[in-house]
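Note that the structure is predicted; figures quoted are calculated from it, not measured. First the proteins, then the strands, lettered A, B, ... as listed; each starts at 1.
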Amino acid sequence: MAHWLMKSEPGECSIDDVVRAPGQTVPWVGVRNYQARNFMRDQMRVGDGVLFYHSSCPEPGIVGVCDVASAAYPDATQFDRTSPYFDPKATREAPRWQHVDVKLVRKTRLVPLVEMRANPALATMQVLRRGNRLSITPVTPEEWRAVMQLLKRE
DNA sequence: GCCAACGTTGGC
DNA sequence: GCCAACGTTGGC
């Protein structure tokens with residue numbers, strides 16, 4: 001089983017939105033970066049662990065644990081002219097963008113970005129790399145374990 | 001609002 | 001295929 005960190009702006013989809021979603025599952029629509037898409041399309045498997053991360057907000061950090069709940073399938077918003085994620089170059093015959101569904105495991109305490117940065121065990125995390133903008137990044141088993149340890153703390 | 005970092009676009 | 005210009009991300 002692989003592990004991932006997935007960023008979401010809470011104004012778009014917060015952890016509480018996932019808690020309230022039908023089946024506590026959300027379609028991860030709107031990814032418009034090829035590297036992030038490829039992670040979902042080529043590498044994610046149902047059951048993979050996901051750290052749910054709030055970005056572009058007053059308190060960025062990890063706020064929940066989820067898992068991958070589907071294989072990748074075409075992102076409907078790419079065809080929707082009224083959507084901010086509309087992509088004029090995408091066609092139904094040749095969709096460009098795909099995504100997986102993500103299901104809640106549990107909402108956690110907030111692990112703020114500053115706490116993550118302060119923890120040597122997390123120093124290798126891709127999301128902490130200077131200049132990182134990728135919305136989906138792989139998490140190593142060691143990093144995952146370290147985050148699970150952090151989550152046991154109050 | 002600033003700005004570093006980096007992906008994408010498009011002219012050549 | 002190069003690369004400058006431009007746009008976006010996202011923390012601060």
Please state whether the phosphate of B:dG7, meaning OP1 or OP2, lies under 4.0 angstrom from any side-chain nitrogen or oxygen of A:Arg133. no
Could you grab the distance from atom CG of A:Leu151 to atom CG of A:Leu51, nearest 0.5 Å is fine? 8.0 Å
Just how far, in rounded Å, is C1' of B:dT8 from CG of A:Asp87? 12 Å
Check ion pair A:Lys7-A:Glu12 (N to O, under 4.0 angstrom): no
Passing candidate, side chain to side chain contact (heavy atoms under 4.5 Å, CB included) with A:Ile136, options A:Met40, A:Gln35, A:Gln43: A:Met40
Hey, are the side chains of A:Tyr73 and A:Pro27 touching, using non-hydrogen atoms and a 4.5 Å cut-off? yes
Closest to the side chain of A:Tyr34, out of C:dG10, B:dT8, C:dC12, is B:dT8
May I have the distance from A:Glu12 (atom CD) to C:dG10 (atom C1'), rounded to whole angstrom? 14 Å
CZ of A:Arg129 versus P of C:dG10: gap in Å, rounded? 16 Å
Nearest listed nucleotide, side chain of A:Glu9, among B:dA4, C:dG10, B:dG7: C:dG10
Expressed as a whole number of angstroms, how long is the span from A:Gln35:CD to C:dT8:C1'? 15 Å
In this structure, how many angstroms lie between the C1' atom of C:dG11 and the CD atom of A:Glu115, rounded? 17 Å
What is the distance, rounded to the nearest whole Å, between atom CG of A:Asn132 and atom C1' of C:dG10? 10 Å
Take the protein atom CZ of A:Arg130 and the nucleotide atom C1' of C:dG10, then report the distance between them rounded to whole Å. 13 Å
Under-4.0 Å side-chain N/O to phosphate OP1/OP2 contact, A:Lys7 with C:dT9: no
Taking the side chain of A:Lys89 as heavy atoms from C-beta outward, which of C:dC12, B:dT9, B:dA5 is closest to it? B:dT9
I need the CZ-P distance between A:Arg32 and B:dT9, as an integer number of Å. 13 Å
